[in-house]
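See below for the structure under consideration.
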Amino acid sequence: MTDPSSDDRKRLSIYLMAGPETPELAEAAVAGGADLLEIGFPFSDPLADGPVIRLAGERALARGMRTAACLACLAETRARVDVPLIPMTYASILEGYGYERFWGDAKSAGATSLIVADLPVEAEPELPRVQLVAPTTPDERIRLAAERTDGWLYLVSLTGTTGARETESSQLAGLVRRARAVTDVPLLAGFGISTPEQAAGAAALADGVVVGSRAVEIADEEGARALREYVASLRSALSTPAGASATS
Amino acid sequence: MKTAELGLYGPYGGRYVPETLVPALDELERGWREVADDPGFRTELEGLQRTYVGRPTPLYHAERLATDKRIYLKREDLCHTGAHKINNALGQALVARRLGKTRIVAETGAGQHGVAAATVCARFGLECVVFMGSEDMRRQRPNVERMHLLGAHVRSVEFGTKTLKEATSEAIRDWITNVETTHYMIGSCVGPHPYPEIVRELQSVIGREARAQILDVEARLPDAVVACVGGGSNAIGLFAGFVDDRDVRLVGVEAAGAASLGTGRPGVLHGSRSSLLADEDGQIADAHSISAGLDYPGVGPEHAFLRDSGRAQYEPATDEEALAAFRLLTEREGIIPALEPAHALARALELDAELVVVGLSGRGDKDLAMVLDS
């Protein structure tokens with residue numbers, strides 16, 4: 001495998017909802033070329049999520065994927081893959097469990113960082129996490145988020161919730177430009193990226209992409225093998241020289 | 001660890017929202033501070049409160065309702081659109097207009113806030129989208145029809161509990177998506193900073209009027225002030241008039257099946273930290289009430305703070321108790337209350353106090369089908 005930390009390789013992050021099949025799906029995603037994995041810890045009221053992840057969360061909760069089960073799932077996933085593993089969840093889960101305790105137990109289970117979708121950069125400064133910035137974020141807040149982020153910055157590529165869109169975001173280029181002006185941390189773009197073409201287009205601007213809803217959908221409907229093929233198609237699109245497929 | 005720094009009521013409040021919304025909340029806060037200092041805004045708001053809403057609303061002595069004590073009703077049911085919700089909707093519409101927003105998104109439970117939002121949007125020529133749970137649309141049909149007539153788009157929310165909780169989440173998701181053009185007109189003193197403060201300020205007119213009115217007629221302050229609490233906006237508005245009068249008891253009444261303050265625990269929902277119906281994992285639990293307006297697992301952060309500090313107390317009332325109080329007020333006083341304030345009436349009737357002011361937050365036309373079925 002190409003070294004994920006090398007500067008020219010575009011990073012590919014795949015989001016999976018925590019569940020009994022997650023370790024197997026994680027393995028498939030990594031085999032397909034994922035460089036890091038986000039593991040969704042479901043929350044009953046996920047404000048940042050569109051219908052696919054919201055429904056996947058509802059199903060996961062119905063199957064008992066509460067915090068303890070999610071942490072166990074994380075540990076089982078860690079036993080199968082070596083890539084960075086990042087639980088992605090909401091503040092209420094950490095409130096319930098305790099912020100410090102959550103991070104401690106997640107780290108013990110193999111987490112390398114966290115993403116908390118509704119915890120602004122000012123809150124809980126001691127909690128290590130990947131910060132998110134959006135097209136609406138002013139430059140000074142981007143700078144603050146970049147200073148406090150853990151490893152890379154998550155660019156919310158459009159004003160909206162998670163989920164596939166038919167077209168590429170017109171807001172991403174401006175956001176990348178503004179982020180580049182204030183930070184050198186890697187920039188990964190997510191929200192609304194589902195096709196290899198969209199992934200290539202976003203990766204031509206940023207250092208990598210996050211794909212969530214479509215991966216969750218394929219994992220759920222078609223299983224690990226299909227997920228591996230889908231991730232491989234994204235990987236292949238990202239490996240194409242920048243710009244070559246972005247305009248297809 | 002520290003919580004969010006802004007808009008805190010003790011350990012409650014703050015801003016727990018996706019990053020996309022943070023700049024919009026900053027913009028709203030700046031806009032709100034500007035209008036708060038602007039005499040022109042005050043003049044416009046007070047003029048419309050008088051001529052459009054019908055303020056001041058009367059304080060009525062319900063002599064036949066109770067004979068063992070003097071109960072006064074603060075008649076928010078006589079406001080234009082039939083509930084206190086218009087106080088907040090009108091003020092927020094004026095703020096939204098100043099921020100240059102052309103589209104309003106709102107959530108509604110009982111439909112009273114949805115009707116108020118649709119009404120002020122008609123008045124100011126703003127586009128209005130109201131999210132409402134499909135279960136609530138069934139329970140509150142007349143208000144759905146009113147919103148349609150007023151030109152609002154009512155979006156049915158078909159998932160989860162199909163009530164106010166999900167409607168609020170969907171309204172916030174819409175706001176995330178359309179934040180450049182849209183103002184989120186939240187209906188209660190919940191949500192991320194600065195909403196709890198804005199809604200409290202806009203509803204505090206209830207308490208200011210009630211305090212002056214009771215002094216005028218009784219030449220003394222009441223022993224207790226009682227209001228129902230779902231999200232808690234009519235209660236926080238009524239309490240605002242008396243919170244500094246240490247001898248006046250503040251009593252909030254929750255639906256027994258939605259007692260976020262009585263049986264809840266700290267948690268985060270819809271952008272703020274408060275006392276919630278949640279389990280130990282932080283998952284939000286379902287609320288249950290005959291009254292759609294109280295059927296919400298959260299509550300405004302300031303109420304959680306007032307509870308902890310001991311300044312206010314919060315009591316439950318069951319569906320049956322609310323229905324009994326509904327019938328009693330209707331038969332004894334010829335006033336058909338909404339089911340929400342009927343909860344407050346139920347507790348007020350039993351209260352060990354001589355002089356009580358009850359927030360009659362809305363009228364009951366919308367609830368007739370529910371009551372007749374029960």
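Letters go in sequence order (proteins before strands), and every chain restarts at 1.
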| request: Could you grab the distance from atom CZ of A:Arg54 to atom CZ of B:Phe159, nearest 0.5 Å is fine? | output: 3.5 Å
| query | Is it true that B:Glu19 and A:Arg141 have a side-chain N and a carboxylate O under 4.0 angstrom from each other? | reply | yes
| Is a donor on one side and an acceptor on the other found under 3.5 Å between the side chain of B:Thr20 and the backbone of A:Thr159? | no
| field | Within 6.0 Å of CD in A:Glu140, more than 12 heavy atoms from elsewhere | value | yes
| Relative to chain A, which segment of B:Asp174 carries a heavy atom at a distance below 4.5 Å: side chain, backbone, both, or neither? | neither
| task | Look at the side chain of B:Arg173 and the backbone N and O of A:Pro46, then say whether any donor-acceptor pair between them is shorter than 3.5 Å. | result | yes
| message | With a sphere of 6.0 Å drawn around CD of B:Glu280, does it hold more than 12 non-hydrogen atoms of other residues, nucleotides or ligands? | response | no
| Less than 4.5 Å apart, any side-chain heavy atom of A:Asp45 and any of B:Glu166? | yes
| request: First locate atom CD of A:Gln171, then atom CD of B:Glu180, and finally report the distance between them rounded to the nearest 0.5 Å. | output: 7.0 Å
| To the nearest 0.5 Å, how far apart are CG in A:Leu94 and OH in B:Tyr16? | 10.5 Å
| said: What's the separation between atom OG in A:Ser92 and atom CZ in B:Arg273, rounded to the nearest 0.5 Å? | reply: 10.0 Å
| said: Under 4.5 Å from any heavy atom of chain B, what part of A:Leu61 do you find: side chain, backbone, both or neither? | reply: side chain
| message | If I take atom OG1 from residue A:Thr161 and atom CD1 from residue B:Ile172, how far apart are they, to the nearest 0.5 angstrom? | response | 12.5 Å
| Heavy-atom distance under 4.5 Å to chain A: side chain of B:Ile284, backbone, both or neither? | both
| task | Run the numbers on A:Ile93 and B:Asp281 for side-chain contact (heavy atoms from CB on, under 4.5 Å), then give the verdict. | result | CA-CA 6 Å; A:Ile93 304 302; B:Asp281 288 321; 5.6 Å; no
| said: Using 0.5 Å steps for rounding, measure from the CZ atom of A:Phe43 to the CG atom of B:Leu269. | reply: 6.0 Å
| said: I'd like to know if the side chain of B:Arg15 and the backbone of A:Pro120 have a donor-acceptor N/O pair within less than 3.5 Å. | reply: no
| note | Honestly, the part of B:Gln283 sitting under 4.5 Å from a heavy atom of chain A is both
| said: Taking side chain as everything from C-beta outward and backbone as N, CA, C, O, which of these in A:Pro51 sits under 4.5 Å from a heavy atom of chain B? Side chain, backbone, both or neither. | reply: neither
| said: The test is side-chain contact (heavy atoms from CB on, under 4.5 Å); show your working for B:Val268 and A:Tyr90 and say whether it passes. | reply: CA-CA 9 Å; B:Val268 173; A:Tyr90 287 83; over 6 Å; no
| field | Under 4.5 Å from a heavy atom of chain A, the part of B:Leu276 involved | value | neither
| request: Examine whether an atom of A:Ala48 lies under 4.5 Å from a heavy atom of chain B, and if so say whether it belongs to the side chain, the backbone or both; otherwise answer neither. | output: both
